[in-house]
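These notes concern the structure reproduced below.
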Number of protein chains: 2
Amino acid sequence: MTAGTPRLSGQPTIVDVARHAGVAVSTVSYVLSGKRTISAGTRDRVLSSIRLLGYHPHAGARALASRRANVVALVLPLRSGIQVPVVMQFATAVVTSARRHDHDVLLLTSDEGPAGLRRIAAGALVDGILLMDVELDDARVPLLRELGRPSVLIGLPADTTGLTCVDLDFDRAGDVCVDHLARLGHRRIGLLGAPAAVYRRGTGFAHRTLSGVTRGASRHGVDVVSTPCEESATDVRRTVADLLARGVTGLVVQNESAVGPALAALAELGRRVPDDVSVVAICPDPFAAQASPMLTSVPVPAEEIGRQAVTLLMAKLAGEPVPETTLLPPRLTVRDSTAAPGGAPR
Amino acid sequence: MTAGTPRLSGQPTIVDVARHAGVAVSTVSYVLSGKRTISAGTRDRVLSSIRLLGYHPHAGARALASRRANVVALVLPLRSGIQVPVVMQFATAVVTSARRHDHDVLLLTSDEGPAGLRRIAAGALVDGILLMDVELDDARVPLLRELGRPSVLIGLPADTTGLTCVDLDFDRAGDVCVDHLARLGHRRIGLLGAPAAVYRRGTGFAHRTLSGVTRGASRHGVDVVSTPCEESATDVRRTVADLLARGVTGLVVQNESAVGPALAALAELGRRVPDDVSVVAICPDPFAAQASPMLTSVPVPAEEIGRQAVTLLMAKLAGEPVPETTLLPPRLTVRDSTAAPGGAPR
DNA sequence: TCCGCTCGTCGAAGCGCTTCGACGGCGCCG
DNA sequence: CGGCGCCGTCGAAGCGCTTCGACGAGCGGA
């Protein structure tokens, strides 16, 4: 055993690997990065030394020398009215896809605000930024432009110029729901919306759903009654009762945490689904599938959106051009909660 | 304007700050770290240069030189049967407290497995590790010991020797729930548990709750019927019906996603809460408070656990000794869902 | 046979920061 | 009034990696 460097940290460094494999440090680096051709023999020798020594490159050193941290920031909302499971699905999809691109994910919460973004970006801790829960007029958007780091928004602000955004096409989703109900014969449709605070903040998806619903309704010449709705069971019950009182026979529920309570409220009010009232949900699929009856729904493809966002970000990091906005088309899944009004089978 | 270094990255470096303030680079560093005394005059000059230039230290360079990344890893579960809102609360609490200690949070999902932990730790990307959703016999625990990085577990494995763990004292929580119901006069108590997969995995909290419930029951000489329960509305309904059929008058629900469906099922079965059946939940407080009726509950203090975990990790990073296990005492909040059996007021 | 390539490898110069040892200047104690 | 110690500051040596230019060896074409 030849005496080596006194490896203070305990971890082997690239120097140890090079010495062990009998090559230059730069050669090891090129084996790892593949940025220059290396003979098969050398490569194998280096790789086995790496495995043998249990070498892992030092992330900081790499970031310093290469100006790439291989980390992306994910900024999550923490606010009231957010849809926790959806957010979680996004997050896990993002982490998984990022890993597939050899990147890690740094978690930020939006309550540290712009200062946090600035710190992260300027400190070269991350190469790119993923921003969730974007508002129509979001304070972080100008900052993002200023920082000049590649970024992708999940959600749509009012002005998308120069940005990259991904989201479900909530507008068309709203339309599709109404379309489905209208075709079944419903003439008065209710939208059980997001909490009022969400509309007030100008969160894109809520507004877009509403506009889609409205458009679909006017196209079909049916009425639409839309009302925001808080998350508490009490408020959901009141809102549902209110909508029914106003003659609604088809219900579009876009607040996933309201789905369960809404069904409970209908049961309590003695209305059968779908015989008396039809329900379409815009929510993650498992929710719709686990409810009883199983819900006709437009699933929010959180996972796919997360994946897309990462893919787009990676493209930007690689300097490739990407489209400004990517809207995923809604797909309506018909299950057991919708039927023609008045109990006729669909 | 004197010509400076050709700052390739666009960001000012510590050299720029030093030059602008007319001091040595090391002085700037000491101003920032406070590791040596600096005169007030110099400090102010340096600080204002920093602000003026918009300087942010390069995280990688800092990590390289100081052997501290100021980042902690948070390993989240992604599996079935996890309690999404609780996990989310943990995560946000962790991020917030970590920032308070000048650390950022790297998000890992447990599905990358041990390899991910190893990569992260060996690559010096993180200084410490927070592990959630620990199983009684968790494969990652030995790895954690081997890696030699400070870590804190959220949840309890079977053998805690040499580890640092934080959790709610689910055992006592179960006990407290039964105690409350027994004192009200209930003689037959049901535990609507976590999904079967969770027990099978050997997830600590589920087992501990069960043992606490059992102990409380035997102390009071009351019967307990315990059954796992899936998350779907259908299964919850069946399980509830089953428990009632077996003569249960008091229900302990620990699966937060089952709370809503369970109440709905009771309503459907024509049982009033709390007149006919009493319900105690072990779940995050907002859930219990938003249900209708408002639920008597033992809140899962996700936020506090997250905070504690970070605090402990920081202590370990600083080389301070910390206790092996920290169990937060359960607090029972009495609301409107419990009463003496048979409709008598409590 | 010789020139000029390409291929595979090496050495060294940083990347931006922390930290250690050194060194004046000043106040204090004797 | 002299020496000692402390305070505030500086310079330089890395931390572990990437990357650029250089260079020897082998090969084909003229």
Side-chain angles (χ1 to χ4, degrees), chain A residues 4-46 49-50 53-71 102 122-125 127, chain B residues 4-46 49-50 53-71 102 122-125 127:
Chain A
T5 322
R7 293 177 273 112
L8 291 174
S9 67
Q11 295 295 338
T13 73
I14 199 172
V15 175
D16 299 312
V17 174
R19 191 180 319 115
H20 185 271
V23 300
V25 163
S26 48
T27 302
V28 176
S29 177
Y30 287 124
V31 166
L32 253 21
S33 70
K35 292 195 179 171
R36 286 202 184 172
T37 46
I38 297 287
S39 69
T42 306
R43 183 180 29 254
D44 292 350
R45 208 141 31 86
V46 169
S49 295
I50 287 179
L53 299 179
Y55 167 72
H56 287 267
H58 187 290
R62 186 180 275 221
L64 180 55
S66 68
R67 319 189 139 275
R68 290 288 247 99
N70 274 39
V71 175
D102 195 34
L125 232 186
D127 304 320
Chain B
T5 322
R7 295 175 273 112
L8 291 175
S9 68
Q11 294 295 337
T13 74
I14 199 172
V15 175
D16 299 313
V17 174
R19 191 179 320 114
H20 186 270
V23 299
V25 163
S26 49
T27 302
V28 176
S29 178
Y30 286 124
V31 166
L32 251 21
S33 70
K35 293 193 177 171
R36 286 201 182 173
T37 46
I38 297 287
S39 69
T42 306
R43 184 181 25 257
D44 292 350
R45 208 142 29 88
V46 169
S49 295
I50 287 178
L53 300 179
Y55 167 72
H56 288 267
H58 186 289
R62 186 182 277 223
L64 180 56
S66 69
R67 321 190 134 274
R68 292 289 247 98
N70 274 39
V71 175
D102 196 31
L125 232 185
D127 304 320

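The figures here come from the full heavy-atom set of this structure, side chains too, leaving out hydrogens, waters and symmetry mates. In the text below, chain A, chain B and the rest are named by the order of the sequence lines, each starting its count at 1. Note that the coordinates shown come from a computational prediction; the quantities given were computed from them, not determined experimentally.
Distance from the side chain of A/Ser26 is smallest for C/dG11 among the nucleotides D/dC17, D/dG8, C/dG11. Nearest nucleotide to the side chain of A/Arg67, out of C/dG16, D/dG8, D/dC17: C/dG16. For B/Val23, taking side-chain heavy atoms from C-beta onward, the closest of the listed nucleotides C/dT18, D/dC10, C/dC7 is D/dC10. Of the candidate nucleotides C/dT19, D/dG14, C/dG11, C/dT19 has the atom lying nearest to any side-chain atom of B/Lys35. Checked against D/dG16, C/dT19, D/dC17, the side chain of A/Leu64 finds its nearest nucleotide in D/dG16. Checking C/dT9, D/dT9, C/dG16 against the side-chain heavy atoms of B/Ile38 singles out D/dT9 as nearest. With distances taken from any side-chain atom of A/Thr27 to the nucleotides D/dT18, C/dG16, C/dT9, the minimum falls on C/dT9.
OP1 or OP2 of C/dG8 sits under 4.0 Å from a side-chain N or O of A/Thr37.
Between A/Asp44 atom CG and C/dT9 atom C1' there is a gap of 16 Å when expressed in whole angstrom units. D/dC15 atom P lies 19 Å from atom CZ of A/Arg62, rounded to whole Å.
Residue B/Arg36 places a side-chain atom within donor-acceptor reach of the base of D/dT9, judged by atom type and a 3.5 Å distance cut-off alone. If you check distances only, the side chain of B/Ser39 never reaches the base of D/dG8 with a donor-acceptor pair under 3.5 Å. No donor-acceptor contact under 3.5 Å links the side chain of A/Tyr30 to the base of C/dC7.
Projected onto DNA chain C by closest heavy-atom contact, B/Val25 and A/Ala40 fall at different nucleotides, the more 5' of which corresponds to A/Ala40. Residue order along DNA chain D, read from the 5' end via each residue's closest nucleotide, puts B/Thr42 first among B/Ala61 and B/Thr42.
Here the closest non-hydrogen pair linking A/Arg62 and A/Pro57 is NH2-CG, 3.0 Å.
At the heavy-atom level, A/Ser66 lies under 4.0 Å from the strands shown only through sugar-phosphate atoms.
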